[in-house]
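What follows is a short report on a single structure.
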Amino acid sequence: MKLIHRRTINCILLLVAMTSISVIWQLGQYSFSNQAFVSGWLLFGSVMLLFLLTLRKRIVGGSFFKVSAWLQMHIYLGLLTVYVFLLHAGPYWPEGNLKQLLYLLFVLEVVSGMVGLFISRKLPPYLARGEHVLYQNIRSRQQQICEQAEKLVKSSLQQTDSNTIGDFFQQHLLAFFLKPQHFWAHIFQSKKTTHTLEADMQNLHRYLNEDERQIINRLHELVIEKDQLDYQYAGQTLLKRWLFIHVPVSYALLLFAVLHVTLVYAYIGGS
Amino acid sequence: MRINLGNKKQHWVCGRALEGKSCLSGPDKQGQCHNRSECQPLKKGERWYCSRPMPCQQGPLPDGACAHQVGLCQPELSPKAKIARSNLWLLLAAFGMVLMLLATNAYSPGQLSQSHRVLEDQCQRCHSAGQLNKLAVLGLAFAPFQHDKENALCLDCHNLGEHAALAHGLPVAAQSVLTEKIQTHLKTTVHQDSKIDKLPLDGLSCISCHREHQGGSLQLTGISDKTCQSCHLQSFIHFELHPEFSLYPYENKSNILFDHQSHIGKNFAEEEDLKQYAPENCNDCHRADGDGAFMQTKGFDKTCNNCHLQDIQGAAQTAAKGIEVFNLPGMDVDTLRTKGLVTGYWPENADAPLSGYMRLLLADNAQAVSALGRLGKLDTLDLRKATQEQLQAATDLMWSIKQLLFELQQNGQAVLISGLEKAVEQKIYPQQFAGLVNGLSPAVIDQALKNWLPGLKDEILLYRQGDLAALAALKPAEQEPKPEVTPQTKTKSTASDDLLGDELLGGDDLLSGDDDLLSDLVDLSEDKAADETNDVGRHTVTAIAEEEWVSAGGWYRSYYSLYYRPSAHADKFLQNWLELCTQSSTNVLKQVCKRIATPKAQGMCLKCHSTGDKGRINWRSKKPLADRQSFTRFAHNPHTTITETVNCISCHRLSETVQDKKNTEFHTGFQNVVKSQCSDCHNQVRPASENCLKCHNYHTGTVALKLNKTDLSLLDKKRSK
């Protein structure tokens with residue numbers, strides 16, 4: 001199925017679901033039952049279904065639909081859950097510590113989810129443009145590049161008997177090569193900091209002789225390679241790390257939701 | 001299929017992975033590095049080989065150890081393990097927070113409304129869970145919901161009547177009756193499918209409509225119209241679609257029967273002598289209550305007194321202005337004596353039948369009751385054809401009456417209580433009794449008995465001794481005093497004929513009727529003139545009749561009867577006797593009530609005071625009770641204060657003149673209020689609210705807050721210690 005068709009169908013299903021819930025909500029106003037219970041259980045059920053994605057990912061084999069299909073369900077159900085949440089809690093900051101905590105966790109969960117969805121769609125094409133490096137090899141590769149740069153600088157000292165490159169390296173490039181740099185600049189596709197570094201290197205040319213220029217050119221190549229690695233590192237780190245917020249918060253959300261439900265039924269006098 | 005819970009070996013990775021020099025074996029499960037060499041040489045045959053993908057040039061040592069020795073690394077957690085660990089820590093933190101919330105009761109869902117703010121720290125006042133420990137609270141969540149138990153906590157402070165949980169606080173049967181009534185009036189089956197029979201029999205819970213913990217500005221009584229329309233199935237979103245009003249606001253009988261049309265159209269306008277007292281606007285008789293919501297009627301003294309006081313005092317009565325209470329009935333004494341019965345002295349001129357009051361007071365006298373039963377309807381003034389038994393009954397009755405009056409004279413008013421209580425079959429309380437006798441003085445009784453039954457004391461003593469011979473020997477002639485004639489004078493009423501109305505007089509013409517009476521008047525006046533002329537040179541003063549003497553009300557004597565003439569408005573005697581008529585329905589009392597409980601009776605109480613449920617008399621004009629609510633409410637303020645164009649007649653329009661023929665029939669004199677008078681402002685365009693609760697109450701009947709009980713022992717310092 002084409003992507004556009006799939007999305008169209010999913011959006012229609014989402015709208016139908018929202019409409020159905022709205023109709024039920026409106027009809028429920030003409031009753032003595034507390035609509036908060038209806039929306040609350042709907043919300044809790046949605047959250048549980050969303051949570052099932054984590055479990056589905058751990059199942060190997062079996063016929064429970066593909067994880068990609070589960071992910072699609074997770075995304076659209078998540079959007080529906082936002083709507084149900086607004087029906088249940090309202091679009092305003094609630095009162096009460098527990099309710100505020102739940103509200104905060106849910107908002108965090110939604111925001112992290114939406115951010116994760118966005119970056120998981122946007123970042124991979126950008127990352128695929130350059131040389132693809134496995135995440136676990138990035139640091140070792142960066143270490144190698146750093147060692148190469150250090151060797152190059154040492155050789156420049158021996159060959160040219162000048163500290164220009166060495167001083168420049170010490171001041172501007174050492175920190176750059178030692179660990180991943182410009183994380184957020186790479187995330188927001190900004191080359192400003194890298195260009196600044198390159199410009200500084202270019203400006204150094206006037207103070208170098210021919211041999212030193214070759215060395216600085218080689219350093220420049222290493223800078224570019226390192227920058228590309230940093231780009232990969234930033235992108236892949238973000239792709240992996242956003243789940244560090246999304247998944248743990250979901251556990252906490254679930255725990256506090258159970259507490260919320262328990263206390264609600266306890267304080268109205270039973271279920 | 002299997003569930004991947006994560007490879008434990010992958011929890012730790014070699015610390016040199018960042019350098020690109022991770023070892024092949026990696027750390028153990030506990031994250032300990034045991035590898036001191038760059039590789040683990042493999043033995044093939046007798047030789048050792050480097051196991052790295054790119055074997056080193058040196059190769060392993062002869063003993064199989066790697067030639068490149070390195071120090072131990074510091075293993076690191078794998079990314080998955082880091083995620084898992086962060087999850088665990090967050091979960092633990094969350095769990096800790098849960099425990100902290102439970103321990104500190106910091107899980108309140110929000111601020112209470114202003115009216116309940118004082119209970120902020122007293123969860124147990126409204127929640128049964130608040131009375132339990134934490135574990136029990138969590139367990140309660142799984143217990144079945146008992147709304148009556150939770151409701152009881154609300155009803156600890158809020159008194160909403162006996163059926164608080166039922167719709168409108170009414171039992172189901174009452175709801176059905178009301179529904180049928182509405183359908184009959186509206187001639188519609190609009191409520192036919194209402195949910196009355198579908199509501200839970202044991203009622204609703206308070207939280208169905210009242211949901212707290214939504215902040216201090218919450219109006220706890222603000223219920224959505226949709227909630228009302230859960231039961232009232234004729235859903236309408238605007239007041240213009242509300243069903244037309246039915247008999248509003250005159251569905252219930254007014255307490256004071258007042259014909260506005262007659263008074264405004266005729267009495268106030270045409271009666272010349274009453275014009276000076278006539279009100280000029282509605283406010284002269286009506287005023288708003290303290291809240292400005294309810295229009296009350298000013299008291300009799302400020303509204304009706306000037307025109308109607310004389311009516312009450314009997315100025316226009318053609319018959320006796322007073323009520324005959326005590327009397328000596330007429331007896332055929334001659335026949336009784338001829339037949340040998342000992343009667344003692346009995347005035348021969350007494351000719352009235354035994355009054356109802358006397359029958360009532362004799363109710364505890366077995367002899368009198370028996371005698372009256374035996375006499376039946378026999379006319380005691382002519383006993384010539386009476387049987388011996390009836391003659392004896394008449395004699396017994398006479399002695400019973402004498403004993404009653406003797407006891408009254410000797411022992412005072414208290415002797416009447418037992419007779420009254422026996423007659424009405426209920427206890428008479430002191431305050432009520434005081435009203436029933438209203439100032440009956442010993443002097444009145446003494447004077448009456450002195451005139452009616454001289455020598456009563458001696459007779460009673462002999463009678464009680466059983467000395468009939470001595471009784472018979474008593475000479476009546478010595479005892480009979482000079483009869484005192486107290487003529488009744490007729491006075492023409494100074495009030496308007498229209499006010500009295502033909503109905504008041506029962507169609508009697510003032511100038512018609514008893515010619516003898518008129519001739520008596522002529523005789524008396526002639527006698528009076530003769531008196532004046534017989535006394536030479538001196539003026540004589542003829543005392544007025546006793547009835548006229550007590551023009552301000554009180555006891556008076558006329559012939560062989562003691563009358564009570566009503567005083568001004570709210571006479572205690574009449575009020576208490578009429579109240580007694582509504583409380584008891586014994587046959588003996590009915591005879592009294594027939595005389596006084598009519599619109600034309602002395603005092604004319606029931607001409608203006610309507611009767612309510614179970615015959616109860618409405619003494620006061622209607623006032624809203626502070627702790628009672630009806631289905632509808634209307635506040636005159638601000639309706640009559642907002643704009644000059646809105647006044648009483650904007651809603652209250654007079655209908656045709658009606659006559660109150662019976663006290664129980666109700667005619668308002670006003671046209672019913674119609675919906676359009678309200679919907680002109682209460683609509684979707686104008687700012688006046690259309691909300692159901694603007695005009696309707698859900699809780700009807702008793703709606704009040706309960707006061708906390710304070711044990712008096714707390715005030716006593718000795719006991720409180």
- side-chain contact (heavy atoms from CB on, under 4.5 Å) with A:Leu42: of A:Ile24, A:Val84, A:Val47, only one passes, and it is A:Val84
- Query: Who wins among B:Cys123, B:Ala106, B:Ala93 for the most heavy-atom pairs under 4.5 Å with chain A?
  - Reply: B:Ala106
- Query: Does atom OH of A:Tyr135 have more than 12 heavy-atom neighbours from other groups under 6.0 Å away?
  - Reply: yes
- Item | Any donor-acceptor N or O pair under 3.5 Å, side chains A:Gln142, A:Asp230 | yes
- Among B:Phe142, B:Tyr107, B:Trp89, B:Phe95, who wins on heavy-atom pairs under 4.5 Å with chain A? B:Tyr107
- Message: Test side-chain hydrogen bond (donor to acceptor under 3.5 Å, both in side chains) on A:His186 and A:Asp227; report intermediate values, then the result.
- Response: CA-CA 9 Å; A:His186 288 308; A:Asp227 185 65; 3.3 Å; yes
- Query: For B:Leu138, is it the side chain, the backbone, both or neither that has a heavy atom under 4.5 Å from a heavy atom of chain A?
  - Reply: both
- Note on the structure: Of the listed B:Ala141, B:Ala136, B:Ala129, the one with the largest count of heavy-atom pairs under 4.5 Å with chain A is B:Ala141
- Task: Verify, without hydrogens or angle tests, whether A:Gln236 (side chain) and A:Val133 (backbone) share a donor-acceptor contact under 3.5 angstrom.
- Result: yes
- Message: Less than 4.5 Å to any heavy atom of chain A: does that hold for the side chain of B:Leu102, its backbone, both, or neither?
- Response: side chain
- Residue by residue, which of residues 250-271 of chain A have a heavy atom closer than 4.5 Å to a heavy atom belonging to chain B? A:Tyr251, A:Ala252, A:Leu255, A:Phe256, A:Leu259, A:Thr262, A:Leu263, A:Tyr265, A:Ala266, A:Tyr267, A:Ile268, A:Gly269, A:Gly270, A:Ser271
- residues 94-110 of chain A vs chain B, non-hydrogen distance cutoff under 4.5 Å, contacting residues -> A:Glu95, A:Gly96, A:Asn97, A:Leu98, A:Lys99, A:Leu101
- Okay, side chain of B:Glu212, backbone of B:Leu112: is any donor-acceptor separation there less than 3.5 Å? no
- Return the option, out of B:Ser224, B:Ser128, B:Gly215, with the maximum number of heavy-atom pairs under 4.5 Å with chain A. B:Gly215
- Between A:Leu239 and A:Ser120, does a side-chain contact (heavy atoms from CB on, under 4.5 Å) hold up when you go through it step by step? CA-CA 6 Å; A:Leu239 281 171; A:Ser120 64; 4.3 Å; yes
- Query: Does A:Trp70 have its ring centroid less than 6.0 Å away from the ring centroid of A:His74?
  - Reply: no
- Message: If you define the side chain from C-beta out and look only at heavy atoms, does anything of B:Thr221 sit under 4.5 Å from B:Tyr698?
- Response: no
- Task: Using non-hydrogen atoms and a 4.5 Å limit, figure out which bit of B:Leu101 sits close to chain A: side chain, backbone, both or neither.
- Result: side chain
- Message: If we define contacts as heavy-atom pairs under 4.5 Å, which of B:Ala94, B:Gly130, B:Ser108 has the most with chain A?
- Response: B:Ala94
- Message: Quick check: do A:Gln148 and A:Arg218 have side-chain heavy atoms less than 4.5 Å from each other?
- Response: yes
- Item | B:His163 vs B:Leu170, side-chain contact (heavy atoms from CB on, under 4.5 Å): CA-CA, chis, key distance, verdict | CA-CA 6 Å; B:His163 307 285; B:Leu170 296 172; over 6 Å; no
- Distance-only, no hydrogens or angles: does the B:Glu76 side chain make a donor-acceptor pair with backbone N or O of B:Val13 under 3.5 Å? no
- Message: I want to check a possible cation-pi pair here: A:Lys226 against A:Phe176, using under 6.0 Å from ring centre and within 45° of the ring axis as the test.
- Response: yes
- Part of B:Gln111 lying under 4.5 Å from any heavy atom of chain A: both
- Query: When the aromatic ring centroids of A:His88 and A:Phe85 are compared, is their separation below 6.0 Å?
  - Reply: no
